[in-house]
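Report on the following structure.
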Amino acid sequence: MGKYFGTDGFRGEAGASLTAEHAYRIGRFLGWYYAGASGKRVRAAIGKDTRRSSYMLEYAIAAGLAASGADVYMLHVIPTPGVSYAVAREDFDCGIMISASHNPYMDNGIKLVNSRGEKMEDTTIEQIELYLDGKLSELGLSEGDLPFATGDRIGQIVDYSEGRNRYIGYLISLSRHSFKPFRVALDCANGSAWMLAKSVFEALGAKVYAIGTSPDGLNINRGVGSTHIESLARYVRENHLDVGFAFDGDADRCIAIDENGAVVNGDHIMYLLGTQLKRNGELVNNTVVTTVMSNLGLYHALDEEGISYVQTKVGDRFVYENMQQTGNCIGGEQSGHIILKKYATTGDGVLTAIKVMETMIDRKLPLSKLASPVQMLPQVMKNLRVADKRAVREDEAVKAAVEQVKAELGDTGRILVRESGTEPVIRVMVEAPTLDVCEACVEQVLQVIRERGLA
């Protein structure tokens, strides 16, 4: 993690820790960097979510790109995976998504992808950070700033709505079935999927009931979406619908609701899609890629099916890196980032929902039955703001407290202590047979951190 960029891009409070100046300078660097020594004409695609500040940052980064001689293609409001799709298939040098995902409206972020639609390489991010800090000499620039394009070398900024339409068409093409006569609820979080998801599901024949489709720039993720799943659960129950899907602000996550109004999270979804891939003979290496945050209930269910699994660090980028290295074809996070490598380079909430629907139709079973083998253990996670995350991790008393909890839980549960990738926060998570045990074990470790003066 760098000074500006964390595990999921540059994120902060819009106008404060993330400003239009930052966006402009990132655009300036990208236009210069991808032109290289040859001075080729760079092509970059930009998408955004519905936050009020997304427009400010979008225009700033576009101006920076054009000032460095890059041509900019504006996808406008589109899910993050839509940017990755467009970049990978339309010969772009890079892509930019303006979004803070599931965060509230006052935050925003800049996510960068390379020409393959994958998260941008750390080596490039490190150079962007040097430029943001004015360390030009370390970039091989002896004085002044990056050169400005002039005359016909100045980049053009064009509307690229057809790129968004192609992504919609791609999603529709991925289903082998009509969704008639399913009654499907969609919670679009007042975010990137607010128009797109309904259009896709209606084109596939579903009767769609949508909420979270009235963005005003300030209400993204407010009481709706995958991080407020209770809204969709209530909506499905009250309207007696067949299934529901909730996305987050940039629609790279999907959490489902079954016909009874119960939550079907990312762990459930990895299980049901993984088992379906195995039934079809398509589960590469017979393996599902998870993170350390996945519930023991998922692993027990995969064991029953004879499916192997691996664990990565938290973050969909680490899941995808494993998939790239091993060929594994499915992975994700409990939070709803599900990567299906055959179809996408990143989590795609709408794609995930389509594949869940396909599985329901193929198996002729409701979602509750498909997800039922995953019996989630109670889990409690608490965050504690600390002065120095590394000091907490290396403190001997804290280590001893963690080991004591591990010994107490034995084979009945587990404890995980990790650093936030974006905040000065330590997260302590415990899974155990009961919530009371989870709470007690988490507090046992947090108390030691506090007593040591680390919080």
Side-chain angles (χ1 to χ4, degrees), residues 5-11 26-27 30 34 42-49 54 57-58 61-62 65 70 72-102 109-122 124-125 128 160-174 191-193 196-197 200 247-254 289 315-324 329-333 335-355:
F5 285 81
T7 54
D8 200 22
F10 185 162
R11 191 173 296 184
I26 290 169
L30 292 173
Y34 281 100
V42 173
R43 300 174 77 245
I46 302 181
K48 65 174 181 287
D49 69 17
S54 291
L57 297 172
E58 173 195 41
I61 205 165
L65 282 159
V72 185
Y73 293 76
M74 309 292 266
L75 290 160
H76 306 293
V77 174
I78 189 173
T80 291
V83 175
S84 292
Y85 173 83
V87 169
R89 287 162 176 78
E90 301 293 335
D91 195 30
F92 286 101
D93 295 285
C94 64
I96 302 101
M97 178 66 184
I98 311 297
S99 175
S101 188
H102 60 281
I110 297 174
K111 302 182 182 186
L112 304 177
V113 299
N114 62 23
S115 61
R116 298 181 299 278
E118 303 164 346
K119 291 183 188 293
M120 195 168 283
E121 296 80 2
D122 289 341
T124 306
I125 297 297
I128 295 172
Y160 192 54
S161 56
E162 63 262 39
R164 186 174 64 251
N165 292 336
R166 287 173 188 160
Y167 171 61
I168 292 171
Y170 173 68
L171 290 173
I172 294 169
S173 74
L174 293 180
S192 292
L196 178 147
V200 169
F247 313 113
D248 62 338
D250 66 335
D252 62 355
R253 297 188 191 192
C254 174
V289 184
D316 59 330
R317 70 176 300 163
F318 301 114
V319 171
Y320 185 71
E321 284 175 6
N322 175 276
M323 297 168 79
Q324 284 289 84
C329 64
I330 179 172
E333 299 185 285
S335 61
H337 285 119
I338 308 296
I339 303 176
L340 295 164
K341 188 170 177 286
K342 180 178 179 180
Y343 307 106
T345 59
T346 186
D348 188 324
V350 180
L351 166 60
T352 298
I354 290 170
K355 290 303 174 182

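Computed over heavy atoms, backbone and side chain alike; hydrogens, waters and symmetry mates excluded.
- Between Y34 and V42, the shortest heavy-atom distance links the atoms C-CG2, 3.4 Å.
- Side chain of E333 to main chain of G315: a donor-acceptor pair is present (N/O by atom type, distance under 3.5 Å, no hydrogens or angles).
- The CD1 atom of I78 sits 9.0 Å away from the CG atom of N165 when rounded to the nearest 0.5 Å.
- Contact detail for R11 and S101: the closest heavy-atom pair is NH2-CB, 3.6 Å.
- From I61, atom CD1 reaches atom CD1 of I98 across 5.0 Å, with rounding to the nearest 0.5 Å.
- Contact annotation: the side chain of F318 approaches that of T7 to within less than 4.5 Å [non-hydrogen atoms, C-beta and beyond].
- For K341, there are no side chain to side chain donor-acceptor pair (under 3.5 Å) partners, not counting sequence neighbours.
- Between K342 and C329, every side-chain heavy-atom pair lies at or beyond the 4.5 Å cut-off.
- Counting heavy atoms from C-beta outward, M97 and V113 have side chains that stay 4.5 Å or more apart.
- Note that the SG atom of C94 and the CZ atom of R43 stand 11.0 Å from one another [nearest 0.5 Å].
- Note on residues 76-88: pairs passing side-chain hydrogen bond (donor to acceptor under 3.5 Å, both in side chains), not counting sequence neighbours, are H76-D159, T80-D250.
- Counting heavy atoms from C-beta on, the side chains of L196 and P79 come closer than 4.5 Å.
- Residue I46 holds its CD1 atom at 11.5 Å from OG of S54, rounded to the nearest 0.5 Å.
- Using a 4.5 Å cut-off on side-chain heavy atoms (C-beta onward), R317 and D122 make contact.
- When every heavy atom of A45 is checked against every heavy atom of L75, the shortest pair comes out as CB-CD1, 4.0 Å.
- Inter-residue side-chain proximity for I96 and I26 is flagged as unmet; no heavy-atom pair is nearer than 4.5 Å.
- For the pair C254/F247, a side-chain contact is recorded, criterion being any heavy-atom separation below 4.5 Å from C-beta on.
- Here the shortest heavy-atom pairing between G332 and V319 reads N-CG1, 3.6 Å.
- Nearest heavy-atom pair, V289 versus M323, reported as atom, atom and distance to 0.1 Å: CG2-CG, 4.0 Å.
- Under the 3.5 Å distance criterion, the side-chain polar atoms of T345 are matched with a main-chain donor or acceptor of G117.
- Remark: of the listed residues D316, D252, D49, D252 is the sole one forming a salt bridge (Lys or Arg N to Asp or Glu O under 4.0 Å) with K111.
- Here I128 contributes atom CD1 and L112 contributes atom CG; the two are 5.0 Å apart, rounded to the nearest 0.5 Å.
- Closest of all the heavy-atom pairs between I339 and A344 is CG2-O, 4.1 Å.
- Within the 3.5 Å criterion, the main-chain N or O of T346 finds no donor-acceptor partner in the side chain of K119.
- By the 4.5 Å heavy-atom criterion applied to side chains, Y343 and D348 are not counted as neighbours.
- The salt bridge (charged side-chain N to carboxylate O under 4.0 Å, His left out) analysis of residues 75-92, with sequence neighbours excluded, yields the pairs E90-R166.
- Distance check, rounded to the nearest 0.5 Å: CG of L30 to OG1 of T124 gives 8.5 Å.
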